[in-house]
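FYI, the numbering just counts along the sequence from 1.
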Amino acid sequence: MTTETCSRQPINRGRVIILCGVSGSGKSTVGQALAKRLGWRFIEGDSFHPHTNIAKMQRNEPLNDSDREPWLYRLRDEIKNCLAQEYQTVLACSALKARYRAILCLDCRVNFVFLIGKHDLLRQRLTQRTQHFMGTDLLKSQLDTLELPQHGLIVDINQSVPVIVELIVSWLASKKNGC
């Protein structure tokens with residue numbers, strides 16, 4: 001396994017689509033709509049953050065790699081469980097760096113979709129959110145951390161959610177169960 005591609009081990013029918021991107025890119029909104037469209041499970045990756053991470057982000061302090069590591073391994077365990085149980089799952093998770101994605105990518109049944117957008121649109125979306133622990137002050141640090149993948153689907157968020165969902169569905173159909 002490299003940092004950008006998953007090994008080819010199609011063992012069963014489970015599949016996980018990870019919607020990646022910075023805060024405000026629409027991972028949860030698109031993820032829920034995609035899961036509903038496909039009839040799959042949806043998992044909110046933020047719910048796996050330890051309380052210390054949430055508190056840090058609420059103080060407008062960016063997370064570092066050591067903060068993210070336990071969170072990523074909790075998500076990895078959840079992905080492993082989904083694949084073992086043959087669940088088809090959409091997971092919303094920032095996965096901003098290639099090394100983070102390498103932790104999450106167990107095999108070719110794990111696929112990444114990146115939601116990207118311009119700074120002004122992302123900032124506008126963040127200012128409109130009322131029930132999320134991360135504010136607009138951390139957007140710059142996330143954009144600075146972001147490493148776009150060489151593999152996977154990259155989607156511009158300057159489109160409607162239904163259009164984005166259909167783009168992802170078409171891409172998934174072309175991947176023949178991920179492998």
Side-chain angles (χ1 to χ4, degrees), residues 3-6 16-35 42-76 78-79 89-105 110-169 171-172:
T3 57
E4 291 294 332
T5 61
C6 298
V16 176
I17 306 305
I18 302 178
L19 288 177
C20 309
V22 299
S23 191
S25 63
K27 297 179 299 289
S28 298
T29 302
V30 172
Q32 290 169 354
L34 179 63
F42 175 75
I43 297 174
E44 175 56 65
D46 283 344
S47 67
F48 287 75
H49 271 296
H51 294 294
T52 54
N53 284 7
I54 293 170
K56 193 171 182 178
M57 288 184 280
Q58 286 174 327
R59 292 190 306 267
N60 290 318
E61 296 174 28
L63 300 179
N64 59 40
D65 288 350
S66 62
D67 295 324
R68 288 186 179 100
E69 190 169 298
W71 171 66
L72 290 165
Y73 279 99
R74 288 178 71 191
L75 289 172
R76 179 185 171 89
E78 184 64 21
I79 292 166
T89 305
V90 176
L91 168 65
C93 168
S94 55
L96 298 176
K97 289 185 178 182
R99 65 182 233 122
Y100 303 163
R101 296 186 294 275
I103 291 169
L104 301 176
C105 192
V110 177
N111 300 126
F112 295 91
V113 174
F114 258 82
L115 302 176
I116 61 166
K118 295 189 183 211
H119 181 272
D120 291 344
L121 176 58
L122 293 163
R123 186 166 188 73
Q124 175 190 1
R125 287 180 171 193
L126 288 173
T127 59
Q128 294 172 346
R129 292 199 311 197
T130 58
Q131 300 198 4
H132 196 273
F133 52 81
M134 190 170 142
T136 58
D137 293 342
L138 295 179
L139 178 59
K140 181 181 179 340
S141 71
Q142 283 203 325
L143 289 169
D144 290 346
T145 301
L146 178 63
E147 298 171 0
L148 288 177
Q150 294 178 345
H151 302 283
L153 178 65
I154 298 175
V155 179
D156 190 322
I157 61 169
N158 197 16
Q159 305 172 76
S160 71
V161 171
V163 167
I164 293 171
V165 166
E166 288 310 313
L167 286 169
I168 297 168
V169 168
W171 178 75
L172 291 173

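The shortest side-chain heavy-atom distance between Trp171 and Asn111 falls under the 4.5 Å cut-off. Side-chain contact between Glu147 and Arg99 is absent, with no heavy-atom pair separated by less than 4.5 Å. The closest side-chain heavy-atom distance from Cys105 to Phe112 is below 4.5 Å. Within the 4.5 Å cutoff, side-chain heavy atoms of His49 are placed close to those of Leu63. Between Leu34 and Val113, every side-chain heavy-atom pair lies at or beyond the 4.5 Å cut-off.
Partners of Asn64 according to the side chain to side chain contact (heavy atoms under 4.5 Å, CB included) rule, which considers only residues two or more places apart in sequence or in another chain, are Lys56, Ser66, Asp67. With sequence neighbours excluded, the residues satisfying side chain to side chain contact (heavy atoms under 4.5 Å, CB included) with Gln32 are Phe42. For Asp144, the salt bridge (charged side-chain N to carboxylate O under 4.0 Å, His left out) criterion is met by Lys140, not counting sequence neighbours. Residues satisfying the side-chain hydrogen bond (donor to acceptor under 3.5 Å, both in side chains) test with Ser28, not counting sequence neighbours, are Glu44.
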Sequence neighbours excluded and cut-off under 3.5 Å, please list the side-chain donor-acceptor pairs for residues 158-168, or say none.
{"from": "Gln159", "atom 1": "NE2", "to": "Asp156", "atom 2": "O", "distance (Å)": "2.7"}
{"from": "Ser160", "atom 1": "OG", "to": "Val163", "atom 2": "N", "distance (Å)": "3.3"}
{"from": "Glu166", "atom 1": "OE1", "to": "Arg37", "atom 2": "NH2", "distance (Å)": "3.2"}
{"from": "Glu166", "atom 1": "OE2", "to": "Arg37", "atom 2": "NE", "distance (Å)": "2.8"}

Test side-chain contact (heavy atoms from CB on, under 4.5 Å) applied to Ser25 and Leu122, step by step: CA-CA 6 Å; Ser25 63; Leu122 293 163; 4.0 Å; yes
Should Ile79 and Ile18 be marked as a side-chain contact (heavy atoms from CB on, under 4.5 Å) after you check the CA-CA gap, both sets of side-chain angles, and the distance that decides it? CA-CA 10 Å; Ile79 292 166; Ile18 302 178; 3.8 Å; yes
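Closest approach of Ser94 and Trp71 over heavy atoms only: OG-CH2, 3.5 Å. When all heavy atoms are compared, the tightest approach of Arg101 to Ala95 is NH1-O, 2.9 Å. Of all non-hydrogen atoms in Leu104 and Cys93, the two that sit nearest each other are CD1-SG, 3.8 Å.
Between Ile116 atom CD1 and Leu121 atom CG the span is 11.5 Å, to the nearest 0.5 Å.
Partner of Leu91 under the side-chain contact (heavy atoms from CB on, under 4.5 Å) criterion, out of Ile17, Leu75, Leu19: Leu75 alone.
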